[in-house]
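FYI, side chains are in, hydrogens and waters are out, and symmetry mates aren't considered; it's all heavy atoms of this structure.
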Amino acid sequence: MADKVVDARGLSCPEPVLLAKQAIEAIPSGTVEVLVETTTSRDNVTRMAKHLGCSVAVEEAGGEFRLTIRKG
Amino acid sequence: MVTDGGVRHKATQFFASRAGIILVGLAIGVIAPLLQHAGNPPNMGICVACFERDMAGALGIHRAAVVQYLRPEIIGFVLGALASALLFGEFKPRGGSAPIARFLLGVFAAIGALAFLGCPWRALLRLAGGDGNALLGLAGLLAGVSLGALFLRRGYTLGRSSPATPLSGLILPAVMLLFLGLVAMKVSFGQGGALFFSEKGPGAMHAALGVSLAAGLGIGFLAQRSRFCTMGAIRDAVLIRDFHLLSGVAALVVAAFATNLALGQFKAGFAAMPIAHSNHLWNFLGMALAGLAFALAGGCPGRQLFLAGEGDGDAAVFVCGMIVGAAFAHNFFLAGAPDQMVEGLLKVGGPGHYGRIAIVAGLAFCTLLGLTARRKA
């Protein structure tokens with residue numbers, strides 16, 4: 001179970017990145033799950049999370065993406 | 001034709017990389033001055049705001065005789081992005097996120113950009129062609145996008161879009177296809193009626209239709225793959241210290257500068273530059289308005305066309321807003337007038353009385369929207 005879940009589906013760029021970043025910064029360590037529906041948001045959130053030193057796993061289901069971001 | 005899933009995956013990874021975005025910036029930076037060489041207006045190989053204004057003129061939504069041409073580059077941008085999105089499984093019809101607010105953002109974005117006389121792409125191309133006034137425009141763009149970033153940090157949002165039917169995602173591309181047919185056949189709906197084609201001025205300056213269309217399709221395809229966005233470049237650098245998109249923008253300027261030098265199109269100065277004015281304050285404020293509107297709408301005018309090609313109906317509404325705004329800019333005399341040399345003396349151009357009022361009104365509207373359209377805590 002993720003420590004935080006961010007549902008960023010349908011939000012314009014860069015809101016998914018900002019919401020995910022806030023969620024990552026709010027926990028000392030653990031996992032943040034981010035839901036997005038465009039490849040652009042998937043790539044942007046992934047790049048930001050890696051930039052912050054996190055690992056990212058991406059699952060695709062039903063045209064949507066579930067990003068599991070692990071911090072620490 | 002890319003048919004193999006592995007190849008497509010590799011292409012996707014490449015275009016998402018730093019090298020990918022730089023390559024796309026270089027490609028646009030070379031193609032735009034070449035389009036100028038092939039007949040497009042000076043320092044305007046590509047300008048989304050100017051070309052949407054020309055399209056409004058061709059359709060008769062405004063009647064400024066010197067800026068009327070149904071620009072195939074814009075058509076190509078949408079259709080190239082559509083082709084790329086279909087090929088790579090990224091065509092996602094969606095919409096319904098504050099359409100009327102996005103429409104007005106498009107209107108004011110066009111008014112601001114046409115007070116400066118160019119979209120962010122043209123600001124970069126003007127700089128690469130030696131027009132120092134572009135620096136004021138780019139400074140304004142930076143200021144406007146930074147203000148937008150501040151609103152985003154405070155929780156600004158226009159709300160979520162929802163998935164839509166495939167047909168709704170294909171409407172703007174279909175309209176563009178119709179436009180292509182109209183311009184290719186030079187259709188006239190009767191004496192004194194549309195389509196209009198400028199006989200002189202910037203609207204009469206254009207590359208051959210096939211050349212413009214091919215350039216538009218190629219750029220649309222590449223930019224959809226790489227998410228090239230001039231506003232996003234500034235926003236990401238300011239907001240999250242991410243310089244990915246900015247590296248593509250820098251590549252565009254370097255490539256355009258080198259291509260202009262090679263083609264003998266570089267001429268440095270401030271006064272009486274081609275289709276430009278040296279009214280510094282209103283160059284700055286016009287682009288500040290445009291930058292703020294782009295930031296609040298989530299993309300520069302080029303990016304909005306590529307998103308529309310991917311099926312984003314909200315981006316399509318913004319595009320319609322820009323076309324209408326461009327028509328307003330000429331119908332209500334809001335657009336900036338270029339500098340002129342009158343009997344050897346420089347007459348500095350810029351937006352007139354009503355243009356200045358419209359820019360201030362636009363800044364007020366965008367600020368109000370930025371402050372009030374917020375995510376609930």
Item to check | Portion of B:L307 that has a non-hydrogen atom of chain A nearer than 4.5 angstrom | outcome: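 Contact with chain A: none, neither part.
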Item to check | Structural part of B:R235 lying under 4.5 Å from a heavy atom of chain A | outcome: side chain
Checklist entry - Under a 4.5 Å heavy-atom cutoff, which of B:D314, B:D236, B:L158, B:L152 has the most pairs with chain A? => result B:L152
Next on the checklist: Listing request: all ring pair (Phe, Tyr, Trp, His ring centres under 6.0 Å) pairs with a residue in residues 300-319 of chain B, at least two apart in sequence or in separate chains.
Outcome noted: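 Those involving residues 300-319 of chain B are B:F77-B:F306.
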Rounded to the nearest 0.5 Å, what separates atom [atom1] in [X] from atom [atom2] in [Y]?
X      : Y      : atom1 : atom2 : value
B:T157 : A:L19  : OG1   : CG    : 8.0 Å
A:T40  : B:D312 : OG1   : CG    : 9.5 Å
B:S97  : A:L11  : OG    : CG    : 8.0 Å
A:L18  : B:R153 : CG    : CZ    : 8.0 Å

Item to check | salt bridge (charged side-chain N to carboxylate O under 4.0 Å, His left out): pairs with one or both residues in residues 14-38 of chain A, sequence neighbours excluded | outcome: A:E15-B:R375, A:K21-A:E25, A:E33-A:R66
Checklist entry - Which pairs, with at least one residue in residues 216-227 of chain B and sequence neighbours excluded, count as a salt bridge (charged side-chain N to carboxylate O under 4.0 Å, His left out)? => result A:D43-B:R227, B:E90-B:R225, B:E90-B:R227
Checklist entry - Hey, is CZ on A:R70 packed in by over 12 heavy atoms from elsewhere, all under 6.0 Å? => result no
Checklist entry - Mind checking which of residues 47-59 of chain A sit less than 4.5 Å from chain B, heavy atom to heavy atom? => result A:R47, A:H51
Next on the checklist: Any heavy-atom pair between the side chains of A:P14 and B:L239 that's under 4.5 Å?
Outcome noted: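 Touching, per the 4.5 Å side-chain cut-off.
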Checklist entry - Quick one: are A:S12 and B:R102 in side-chain contact, heavy atoms under 4.5 Å? => result yes
Next on the checklist: Is it the case that the side chain of B:R94 and the backbone of A:G10 share a donor-acceptor pair, with hydrogens and angles ignored and the cut-off at 3.5 Å?
Outcome noted: no
